[in-house]
There are 2 protein chains.
Amino acid sequence: MNEKVMGIGMVCELTGLSERQIRYYEERQLISPDRTQGRTRKYSFEDVERIKEIQQKMNEGFNTFEIRQLAAKGRLTIKYSCT
Amino acid sequence: MNEKVMGIGMVCELTGLSERQIRYYEERQLISPDRTQGRTRKYSFEDVERIKEIQQKMNEGFNTFEIRQLAAKGRLTIKYSCT
DNA sequence: CGTGTAAGGAATTCTGACACG
DNA sequence: CGTGTAAGGAATTCTGACACG
């Protein structure tokens, strides 16, 4: 399920996070949603799982930079290719 | 994949149909998307497949009422419970 | 660093109706 | 019957910034 189909509002519901948090993780290159012509972000279920795992790591004390490194080394459960 | 997560715009892209057509099939009780608090419709991948099958039947000459009956009799590939 | 918020604008979606046929 | 469209409004999302720390 890596089709980018849902809006950020739905991702908020599924993850329990705020739009701000989700957009910030993108800024930190931990996720990379698609964009519609009108610039609105579209996420996949894989993105949702990835976001949940990011949040777990954050709770464990990692910062976004460290999580980025873990991801680069394949140390995360949810594999993901970030642009 | 019966989680209602995508907006009608995405369904249009995935099916090639217009918003008008998709809303009409709902009016004819062939599909039943969820609604957000703000009333915007949310569809699942199952809805998308169901819409594709509806369109196939339309092309084969069935009208919405007949398709509704086919569905009621379990004669469609995509099973679906419509409110 | 990570996140909340108010601000203004742009994209998305909604409903009810008129049109054609 | 099934679908297009213009109309006006409401919900959704966007960006850049200020704030706290």
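Below, read A as the first sequence line, B as the second, and so on, with proteins coming before strands; counting in each chain starts at 1.
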Tabulated below should be each protein N or O lying under 3.5 Å from an N or O of nucleotides 16-18 of chain C; please produce it.
none

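- Look at CD1 on A/Ile54: it is 11 Å from P on C/dG2, rounded to the nearest Å.
- Using a 4.0 Å cut-off between a side-chain N of Lys or Arg and a carboxylate O of Asp or Glu, B/Lys4 and B/Glu46 do not qualify as a salt bridge.
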Review item, nucleotides 12-15 of chain C N/O atoms under 3.5 Å of protein N/O:
from, atom 1, to, atom 2, distance (Å)
C/dT12, OP1, A/Thr36, OG1, 3.0
C/dT13, OP1, B/Gly9, N, 3.1
C/dT13, OP2, B/Gly9, N, 3.4
C/dC14, OP1, B/Arg41, N, 2.7
C/dC14, OP1, B/Arg41, NE, 2.9
C/dC14, OP2, B/Arg23, NE, 3.0
C/dC14, OP2, B/Arg23, NH2, 2.8
C/dT15, OP1, B/Arg35, NH1, 2.9
C/dT15, OP1, B/Arg35, NH2, 3.0
C/dT15, OP2, B/Arg41, NH2, 2.3

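- Ionic pairing of A/Arg23 and A/Glu26 is not present here: no N-O contact between side-chain nitrogen and carboxylate oxygen is shorter than 4.0 angstrom.
- Judged as a side-chain contact (heavy atoms from CB on, under 4.5 Å), and not counting sequence neighbours, the contacts of B/Glu53 are B/Leu76, B/Thr77, B/Ile78.
- Taking side-chain N and O atoms only, B/Tyr24 has a distance below 4.0 Å to OP1 or OP2 of D/dG2.
- In DNA chain D, stems built from 3 or more consecutive Watson-Crick or G-U wobble pairs, each with both distances under 3.5 Å, span C:2-5 with D:17-20, C:17-20 with D:2-5.
- Between D/dG2 and B/Tyr25, no contact under 4.0 Å exists linking OP1 or OP2 to a side-chain N or O.
- No hydrogens or angles considered: a donor-acceptor pair under 3.5 Å links the side chains of B/Tyr80 and B/Asp47.
- Interatomic distance, CD of A/Glu49 versus CD1 of A/Ile54, reported as 11.5 Å (0.5 Å rounding).
- Distance CZ (A/Arg28) to P (C/dT3): 11 Å, rounded to an integer number of Å.
- Atom CG of B/Leu17 sits about 7.5 Å away from atom SG of B/Cys12, to the nearest 0.5 Å.
- If you take CD1 of B/Ile51 and P of D/dG2, they are 15 Å apart, rounded to a whole angstrom.
- By the neighbour-count criterion of 12 heavy atoms within 6.0 Å, atom CZ of B/Arg39 is sparsely surrounded, having that number or fewer from other residues, nucleotides or ligands.
- The distance between atom CG of B/Leu30 and atom P of D/dG2, rounded to the nearest whole Å, is 9 Å.
- Under the side-chain contact (heavy atoms from CB on, under 4.5 Å) criterion, B/Arg28 pairs with B/Tyr24, B/Leu30, B/Thr64, B/Phe65, sequence neighbours left out.
- Applying the 6.0 Å contact sphere to CD of B/Glu60 captures more than 12 heavy atoms from other residues, nucleotides or ligands.
- Residues forming a side-chain contact (heavy atoms from CB on, under 4.5 Å) with B/Glu13 (at least two apart in sequence, or on another chain): B/Met10.
- A distance of 12.0 Å separates CG in A/Leu14 from OH in A/Tyr43, rounded to the nearest 0.5 Å.
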